[in-house]
Each structure stands twice: as C-alpha cells, then as structure tokens.
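The next block holds one structure in the form of structure tokens; read it before the comments.
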Amino acid sequence: MARYLITSALPYINGIKHLGNLVGSQLPADLIARYLRARGHEVLFLCATDEHGTPAELAAAKAGQPVEAFCAQMHEVQAGIAAGFRLSFDHFGRSSSPQNRALTQHFAGKLAENGYIEEVSERQVFSIADNRFLPDRYIEGTCPNCGYDKARGDQCENCTKQLDPTDLIDPRSAISGSTDLEVRETKHLFLRQSALRGELQAWIDSKTDWPILTTSIAKKWLNDGDGLQDRGITRDLYWGVPVKKGDQDWPGMEGKVFYVWFDAPIEYIACAAEWAEANGKTDADWERWWRTDKGADDVTYLQFMGKDNVPFHTLSFPATQIGSQEPWKMVDYIKSFNYLNYDGGQFSTSQGRGIFMDQALSILPSDYWRWWLLSHAPESSDSEFTWENFQGSVNKDLADVLGNLVSRVTKFCRAKFGEVVPAGGQTGPREAELIAELTTRLRAYEGNMQAMEVRKAATELRAIWVAGNEYLQSAAPWTVIKTDPETAEAMVRLALNLIRLYAVVSRPFIPDAAQSMMDAMGCDDWSWPEDVGAALATLPAGHAFTVPDVTFRKITDEERAEWQTRFAGIRT
RNA sequence: GGCGGAGUAGCUCAGCUGGUUAGAGCGGAGGAAUCAUAAUCCUUAGGUCGGGGGUUCAAAUCCCUCCUCCGCUACCA
C-alpha cells in the first residue's frame, strides 16, 4: 500500500469545458485515481477551478455579473458537470479560496525573502475607455507585415509573424474597440527563474522516465536563447490574489494582483487545505501530503495535463517551490496529453466548436464518453473524434461485447435455473484455460494502468471482456444442458462470477455500469482479483441475483446523424 | 525560422534498445452457433511500414535528406 497525490490541470472558470479538455487532464487523472484506490492505495485526488485573470473579468462583464458572483456560479456549474462525469475528486476547490490567497502571498513572501523576486518597471498599453491595462493579445490592429486587420498584439494569426503591440498599425482594444490607448509606466514583480535555472535543470535531468513530450518542452525553455527567462508574476487587475509579502503589505504594489499562472498551481496545495477544512480535518492531515518534513516523503505525486500546460508545471511552479526553500513535495511524474480534434478541426472553447461537457451528458450517460475518450486518449499524438468512430466503438465494445455478455448470461440462467447461482457440477480444463488467460491479461492490464498507458489499458480490458464471450461460445452451456445439466450449471456459475469480476476491473473506466453490474449480482465485494480463480468463486451457489436492464443500449444511425448535425455548428 | 510530435492494412492504432513469413480492433468476405441488446465465436482477404539515399549479414526499427500534417515558441489561460 502506497500513497498517491494526484492533481488534474485546473479547468479555467470562464465557461464549460469541451471533451478535448476533459480527456487531456481530468478524465485520465480520474481513471488512475480510481484504479489506485481499487488496488488499496491511499489516494488524494484534487482539482479546482482556476478563476483569476482577464478572461474571467471579461466573461463576468459579458454576463452582467460581478466577477465574484460569476465565478461562484460557474464553479457550481463545473462541479455539477464533473460529478456528472463521475470525476472522483476528493475535493474540487477554487483558486480564489482564502487558503489559496494566504498561501500564494506566503510563497511570494518567501521568494522575496530569498532574493528571487525583482521589481521591474514596464511600459504597457492602457485603454482609457476600458480603464484597464491590456495584455498583448487583447490589442488588435493591422499587421505591419501582411496587412491583416485583425492581428493581435502578440502575433498575427494570418501570417503567423510574432508582433509587439507597438508594431500594430491603428491599434485598438479588442475588448471595446476603443482606439483611445496610451502607454503607461507600471511596476511589476518578476520571479527570477533565471537564478533557479541550474536547480531546475538538474531536477528535470533527473526525470529520465518522463515522456519526451514533457521533458522536451521543459528543456527547450531552459536552453532556448539566453536560457530560462524571468517571469512577471503580477498584473494590474482587480480579480486576483492581492499582492502581499506574506501577511504584510507590499509597498508600491497596492491595487495589483498576482498573475493567474502564479497562483493557479499553488492551488494544488491550497486545495488540500480546503479539503481538510471541508472534511473536518486538521492542518497536519493535509500537510502529510505536501510537506516532506511532515510525512509527505513517501507520497508519489502525479500530475495530468494537456501539453500546453507543461511549461508552467515543469518550470514556473517548481521554481516557486524550490525558491521558497521550504520542503514542499514536488511532482514525481507528469502525464501530458496531445489534443483531441473534432471532425477534422480543433475543439475550440473560444469559437464554441465541438462537443461540450454539458452537451455530452445531455445526450448519453457518462460511461459512453468515458470509454470512448479514454480508449482513444491522445497519448502519442493528436487524435480525432468522429461520430462514426464514436458510434462504432461504443456499440461494439460496450453494447455488443460487454453489455450483451451480461445479458446472455443472466437471461440464460434465469430461464434454466432461476435467479440464483446454480449449484451443480464441476469446472474443468476449459475453465482453467479461461482463468489462465484472464490472469495473464489482468496482469498486463495492471501493468498498463501502473504505467498510465491509458489506451493500452483500455485495449487489454476489452480483451478481458472478449475472453468471456470466447469462453461461453466454446463452452456452449445451452447445448451442454441438454445432456449434462450439472456441468452447464458449473459453467453458468462461473459466468455469473465473471460479471462480478468485470464490474471490479472495469470500474475505473465505466463506474456507473460497473455499479449496476455489481448490483445485479446482488453483491458489494469490490476486492481486486489478485487470484482470478478465487475471484471467480466469490458468488456462492444459491446466491440470488437479478437480470439487469440493458447495460448499454446502442446508438442508432438516426441518433448519430442527428447529433452530427446538431453539433456541427458553432455553440453560441 | 527554432524546438517537438506524427506519417504503418479502407478506418483507429500497436510494433520502432535492428533479427524468423509486419500485428490488433473496427469495417469487408465466408462459416459455426442460436443463450443473448440480430448481440457472439471461428476462418479469411487487404500493407513496396510518407519519398529518396546510406550503415549492416539483416531496418518499419539506426544515420542523412526531402515532402506532408499537427503543436509549442515565454504578458490568454
């Protein structure tokens, strides 16, 4: 029994996430959390909404709400959807929590104390009409290179040339369209990442088992040009953690807040404190997960995220932790994902393209999505969602292979022996062969899960399901019963136990279906099948069960066509 | 431009510390069975492993080069 701390990248607050976001962080994190719990490990699985920053302020303004109220409401919406997908967070926190405010200010204070903070005066574009400083990409204008009239201050989307806001011709605010802009002097705090480069480099170099996708991005940033750059960690915004040095004011920084990417990863820690508070626990209870001087030295910490989040998790946040010179638990393994595309293009939150989490749940139960998304997780490269593929995979794997197995076994038993586990007969070589195959495959499945090879784990699980059909087909109890009813009883007894075993091993992928399979077997024994033979004798002769409703219904061609049309456009 | 990822059967992918006739699932074809959500199981046909060159007894696998797609490129998050 080991201890695992698991965090998923924090979903941003300004809207409902799409399936690409889900499969890139929260869903695989949930899969692994559920698996490790099932194996008896102690798991703390945390996630939260990432609430600060310009987009949140703008989204709130658009909704005509104060930003605090908007975020509180969107947090509840996201929490509800997460529950709908059966994401088994031990706590779903908020980066705007009091705990995170205090901890973010604490880190800033420590970093300043240790000489890792520098005050820098910068000149930034200020929009008088909007009464706010504009981040580069919130400034639009005509590209000096190609003449495109909607170029952004950081880059022209048309010719991909990198720009500086002052390069733009006829610059205007992307928020209001106002051209009443001026350049103002403003002071900000910078995290001296350059001073921590050596330590970060050594730390990254020690992570030889990380995916190339993860380390290559980190190394690029460490070594590109002059090496790792210092990073501004404050902003001139209203909505954020007020800049303070611990609990002291920070002279000259009044009215400013920390940059969202500074406080968001700190929420991984603060979320544990929120978890403790919400569950009547003490500080020591969460610190044993996060402080290596208070019991966290035996914790394995796993992070899950899309590839766009990698630099912040391999560099900025570790720099924050190291620079504090306090014994914080650092990440042991970063599992990063590529992107899921939608019908030939990208999923896009800003453009409303693709399927969003609430829409997905409105048309099908979460298990359908969980299975498809996890078995097609974009691990080695970007992957593609198409309705045809979704319909085909779900119908075949879930309805035909697994669901129908449950159906044929329970209905056959009910018709021939009643709704109890039959008592007669003995198992023979055919059953021993099945047990051997299941054992081999189960050990492979466990290996894939431990290695967080999500697709391979799904493939193996499917093969485990198929083995049940192969067994039934060759055993053919419907034929055997005519001449040797006792043996047929033994076969059915084993098959009913197989359903319970499948519920246990499938639960990380399809928790609801697993629950209904277990319920139908009239059982609540979720112990992991270390010994397959023994596990297949769990339900004793005479044990009552029920024939469940259809476990997975099929997606019809008409439904597929309708959804394909409905979700082809842009969500408004 | 730089860095990284990908390019393998109709489709989705595995294999890639070099080694017997290149694998799986889906889809196609044929068959078996009829317990079951017309669901299952078996057999089978499909590939000059993006192009070209090189190293080697031997390359999908290593090296060089070219082509195509995708991502990142540091003040959106």
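Protein chains get the first letters and strands the later ones, always in sequence-line order, with residue 1 at the start of each. Worth saying up front: this structure is predicted, and the values here are computed from it rather than measured.
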* Asked: Of all the choices, B:rC35, B:rA36, B:rA77, which nucleotide is nearest to the side chain of A:S407 once you look at every atom?
  -> B:rA36
* Asked: Across all strands shown, which nucleotide pairs with B:rA22 by Watson-Crick or G-U wobble geometry, both distances under 3.5 Å?
  -> none
* Among B:rC41, B:rC76, B:rA36, find the nucleotide with the atom closest to the side chain of A:N469. => B:rC41
* Could you tell me whether A:R184 sits above the aromatic face of A:F126, with NZ or CZ closer than 6.0 angstrom to the six-membered ring centre and within 45 degrees of the axis? => yes
* Asked: What is the distance from CD1 of A:I139 to C1' of B:rC75, rounded to the nearest Å?
  -> 10 Å
* Among the candidates B:rA36, B:rU12, B:rA77, find the nucleotide nearest to the side-chain atoms of A:K411. => B:rA36
* Asked: Atom CZ of A:R462 and atom P of B:rU12: how far apart are they, to the nearest Å?
  -> 17 Å
* To do: Examine the side chains of A:E431 and A:Y471 and answer whether a donor and an acceptor come within less than 3.5 Å of each other.
  => yes
* Candidate nucleotides B:rA77, B:rC75, B:rA74, ranked by approach to the side chain of A:E122 - the nearest -> B:rC75
* Taking atom types as modelled and ignoring hydrogens, do the side chains of A:T49 and A:H75 form a donor-acceptor contact shorter than 3.5 angstrom? -> yes
* Of A:Y259 and A:T459, whose nearest nucleotide on RNA chain B comes first from the 5' end? -> A:T459
* Pick the C1' atom in B:rU43 and in B:rG5, then give their distance to the nearest Å. => 39 Å
* Using the P atom as the reference point in each nucleotide, state the distance between B:rU61 and B:rC49 in Å, no decimals. => 9 Å
* To do: To the nearest Å, give me how far apart NZ (A:K307) and P (B:rA74) are.
  => 16 Å
* Asked: Checking only heavy atoms, does the side chain of A:E388 share a donor-acceptor pair with the base of B:rC11 at less than 3.5 Å?
  -> no
* Which nucleotide, B:rA33, B:rC76, B:rA39, lies nearest any side-chain atom of A:Q473? -> B:rA33
* Structure fact -> Taken to the nearest whole Å, CH2/A:W239 to P/B:rA77 is 14 Å
* A:N341 has an atom CG; how far is it from atom P of B:rA6, in whole Å? -> 16 Å
* Asked: Using purine N1 to pyrimidine N3 plus N6-O4 or O6-N4 for Watson-Crick, or N1-O2 and O6-N3 for G-U wobble, both under 3.5 Å, which nucleotide pairs with B:rC35?
  -> none
* Quiz item: A:W221 side-chain donor-acceptor pair to B:rA74 base, under 3.5 Å -> no
* In whole angstrom, give me the gap between the P atoms of B:rG46 and B:rG23. => 14 Å
* Asked: To the nearest angstrom, how far is A:R455 atom CZ from B:rG15 atom P?
  -> 11 Å
* Looking only at side-chain atoms of A:N389, point me to the closest of B:rU37, B:rU12, B:rC41. => B:rU12
* Of all the nucleotides listed (B:rC35, B:rA14, B:rA74), which has the minimum atom distance to the side chain of A:K456? -> B:rA14
* To do: From the options B:rA74, B:rG27, B:rU37, select the nucleotide whose nearest atom is closest to the side chain of A:V550.
  => B:rU37
* Structure fact -> Separation of B:rU40 atom C1' from A:L402 atom CG, nearest Å, is 13 Å
* **Atom C1', compared across B:rG50 and B:rU68: separation rounded to whole Å** => 8 Å
* To do: Examine A:K554 relative to A:F552 and say whether NZ or CZ is less than 6.0 Å from the centre of the six-membered ring and inside a 45° cone about the ring axis.
  => no
* **Watson-Crick/G-U partner (both atom distances under 3.5 Å) of B:rC3** => B:rG71
* Asked: Can A:K17 be said to sit on top of A:F356's aromatic six-ring, NZ or CZ under 6.0 Å from centre and within 45° of the ring axis?
  -> no
* Asked: From B:rC75, B:rC72, B:rA36, pick the nucleotide closest to the side chain of A:R408?
  -> B:rA36
* To do: Answer yes or no: side-chain N or O of A:D400 and base N or O of B:rA39 forming a donor-acceptor pair under 3.5 Å.
  => no
* Asked: Taking the C1' atom of each, how far is B:rG15 from B:rA22, in whole Å?
  -> 8 Å
* Asked: May A:W478 be described as stacking on the base of B:rC35, applying a 5.5 Å centroid limit and a 30° limit on plane angle?
  -> yes
* How far does the P atom of B:rG54 sit from the matching atom of B:rA14, given to the nearest Å? -> 30 Å
* Go through B:rA77, B:rG27, B:rG71 for me and flag the one nearest to the A:Y12 side chain. => B:rA77
* To do: Give the rounded distance in Å between these two atoms: CD of A:E379 and C1' of B:rG71.
  => 17 Å
* Structure fact -> Comparing A:A399 with A:A467, nearest RNA chain B nucleotide closer to 5' gives the residue A:A399
